[in-house]
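One structure is given below, encoded as structure tokens.
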Amino acid sequence: MKKQLSMVVAAAMVAAALAGCGSSASDAGTENADTVTENADAGTAEDAGESADAGSGGTFKIGGIGPVTGAAAVYGQAVKNAAQLAVDEINAAGGINGAMIEFNFQDDEHDAEKAVNAYNTLKDWNMQMLLGTVTSTPCTAVVEKTHEDNLFQLTPSGSAVESIQYDNAFRVCFSDPNQGTASAQYIGENKLATKVAIIYNSSDVYSSGIYQTFAAEAGNQGIEIVSAEAFTADSNTDFSVQLQKAKDSGAELVFLPIYYTEASIILGQADKMGYAPIFFGCDGLDGILAVEDFDTALAEGVMLLTPFAADAEDELTQNFVKAYQENFGDIPNQFAADAYDGIYAMKAAIEKAGVTPDMSASDICDALKVSMTEITIDGLTGAGMTWNADGEPNKEPKAVKITDGAYAAM
């Protein structure tokens, strides 16, 4: 049965977006995000990709799916790395009630068919739970399979409403409707602009979903949409027409509910034509600083709504960033933070339900459907995070601004 997004929770999330985020500190090296009343001790992370030896309590087999090659590889690699980091910490601290975790991540190249193939590969490996998929379209395809198999699925970043449309599926990130509405409210409440142009991908559910809810909320915020121009996956290299219309319309801000690859092209082409409005996006822009051969100076001043800022001063974030850099030589993005929180949310739900590795995947799923709605965790992407039965998280997002080549909390 298709789940409906809870309007009460959606409203609360939008309100929280405007209020800003307060996060509680916790030591990522010694105490990690878990239930509010019981945090798990963490150890030093091992190299990513290494499987933990089974402890006396057996082994939980958690699968992961996302793009580690292709246009969205920045997202998938971040999820893979951060999830492995969390797994290694948990195993070093004694596992989950004495049971170790084995993590197996498969590449889907941001393709729905390949994501389903990856899911079948993980089934053959006897996966018991799935952290994935990373992007919305593949996630929507895979959730059909996990629903049929009654296998628990927690996507770190699949934001389309349909990506968790069944009761076995939950997400860590915000849904597309919440991102669009919250973005319009943030721009309006902070008086960033009154004339806004939008460039979006009409062939992508993520982009078009955010655009629709942004447009619906804009009028309530005193925002005039002076230009709304679409592109598709077949026309995503030349944005001169869309940019010229935005410029001619007098847009003070260009809203980009798109992924970072196209956004990097847009910024380059806008610079060449001498057009310098405010650019504002959502979590899809997280990763733009890592685009190959992209002049990051062009992203200076770009804003995006996101639940994670790597420069946040709370202890949990600082320790996570340090551990991630030590293990992978890079600064983690929001997708990494979502995945890290996802693994700890699974741990909390497993402990709450009393799940053991010898249970069938279906029995584990039945137990976690209930316990996910009963846990509260303090994570990188929000303090006091909870989930409702629709699989939606309740937490506070943040806005960040690219300053001196890095994400800075606003």
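For the numbers below, each heavy atom of this structure counts, side chains included, while hydrogens, waters and symmetry mates do not.
At distances below 3.5 Å, not a single donor-acceptor pair connects side-chain atoms of N91 with backbone N or O atoms of G94. In this structure a side-chain-to-backbone donor-acceptor pair under 3.5 Å is missing from Q153 to L130. Here the side chain of E392 pairs no donor or acceptor atom with the backbone of F174 at under 3.5 angstrom. Formation of a donor-acceptor pair under 3.5 Å by the D338 side chain with backbone atoms of C173 is not found in this model. A distance-only check finds no donor-acceptor pair linking the side chain of T306 to the backbone of D283 [under 3.5 Å]. Counting only distance, with no hydrogens or angles, the side chain of Y186 and the backbone of L192 share no donor-acceptor pair below 3.5 Å. Q334 contributes no side-chain N or O that, together with a main-chain N or O of F308, makes up a donor-acceptor pair within less than 3.5 Å. Looking only at distances, no side-chain donor or acceptor of W387 sits under 3.5 Å from a matching main-chain atom of S371. One N or O on the side chain of Q128 and one on the backbone of P357 form a donor-acceptor pair closer than 3.5 Å. A donor-acceptor pair is defined here as one N or O able to donate and one able to accept, closer than 3.5 Å; such a pair exists between the side chain of D341 and the backbone of L380.
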Show me the donor-acceptor pairs, under 3.5 Å and distance only, between side chains in residues 65-74 and residues at least two apart or in other chains.
from: T69; atom 1: OG1; to: D107; atom 2: OD2; distance (Å): 2.5

Tabulate below the donor-acceptor pairs under 3.5 Å that side-chain atoms of residues 399-406 make, not counting sequence neighbours, or state none.
none

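Shortest non-hydrogen contact noted between V321 and P332 is CG2-CG, 3.9 Å. Taking each heavy atom of T155 and I164 in turn, the nearest pair found is CG2-CG2, 3.8 Å. Of all heavy-atom pairs spanning C282 and S183, the tightest one is SG-OG, 3.3 Å. Taking all atoms of both residues into account, the shortest heavy-atom contact from E113 to D111 is N-OD2, 3.1 Å. When all heavy atoms of V142 and V116 are compared, the closest pair comes out as CG2-N, 4.1 Å. For the residue pair G379 and L316, the shortest heavy atom distance occurs at C-CD2, 3.5 Å.
The closest side-chain donor-acceptor pair between Y407 and N333, if any, does not fall under 3.5 angstrom. When only modelled atom types and interatomic distance are considered, Y344 and E89 share a side-chain donor-acceptor pair under 3.5 Å. Using modelled atom types and a 3.5 Å distance limit, the side chains of Q106 and T121 yield no donor-acceptor pair. Looking only at atom types and distance, the side chain of T140 has a donor-acceptor partner in the side chain of S163 under 3.5 Å away. D88 and Q84 are linked by a side-chain donor-acceptor pair at a separation below 3.5 angstrom, with hydrogens and angles left out of the test. A side-chain donor-acceptor contact under 3.5 Å links T232 and S235.
Residues that satisfy the salt bridge (Lys or Arg N to Asp or Glu O under 4.0 Å) test with D108, not counting sequence neighbours, are absent from this structure. For A361, the side-chain contact (heavy atoms from CB on, under 4.5 Å) partners at least two apart in sequence or on another chain are L151. With sequence neighbours left out, the salt bridge (Lys or Arg N to Asp or Glu O under 4.0 Å) criterion links D149 to K123. Scored by the salt bridge (Lys or Arg N to Asp or Glu O under 4.0 Å) test, K369 finds D167, D366 as partners (sequence neighbours excluded). Remark: F60 pairs with no residue by the ring pair (Phe, Tyr, Trp, His ring centres under 6.0 Å) rule, at least two apart or across chains. By the salt bridge (Lys or Arg N to Asp or Glu O under 4.0 Å) test, E217 pairs with no residue at all, sequence neighbours left out. For E326, the side-chain contact (heavy atoms from CB on, under 4.5 Å) criterion is met by K322, not counting sequence neighbours. Legend: residues meeting ring pair (Phe, Tyr, Trp, His ring centres under 6.0 Å) with F279, ordered by chain and number and at least two apart, are absent.
For the side chain to side chain donor-acceptor pair (under 3.5 Å) condition, no pair includes a residue of residues 287-303, sequence neighbours left out. The ring-ring contact (aromatic ring centres under 6.0 Å, His included) pairs that include a residue from residues 108-129 are H110-Y259, where partners are two or more places apart or lie in different chains.
Note: Y200 and Y211 have parallel aromatic rings, judged against thresholds of 30 and 60 degrees for the angle between ring planes. Between F152 and F170, the two ring planes are tilted [angle within 30° to 60°].
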N327 vs N81, test: side-chain contact (heavy atoms from CB on, under 4.5 Å). Steps then yes/no.
CA-CA 9 Å; N327 280 270; N81 290 347; over 6 Å; no
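K191 contributes atom NZ, which lies 7.5 Å from atom CD of E189 (distance to the nearest 0.5 angstrom). Of the inter-residue distances, the one linking F103 atom CZ with K80 atom NZ reads 8.5 Å to the nearest 0.5 angstrom.
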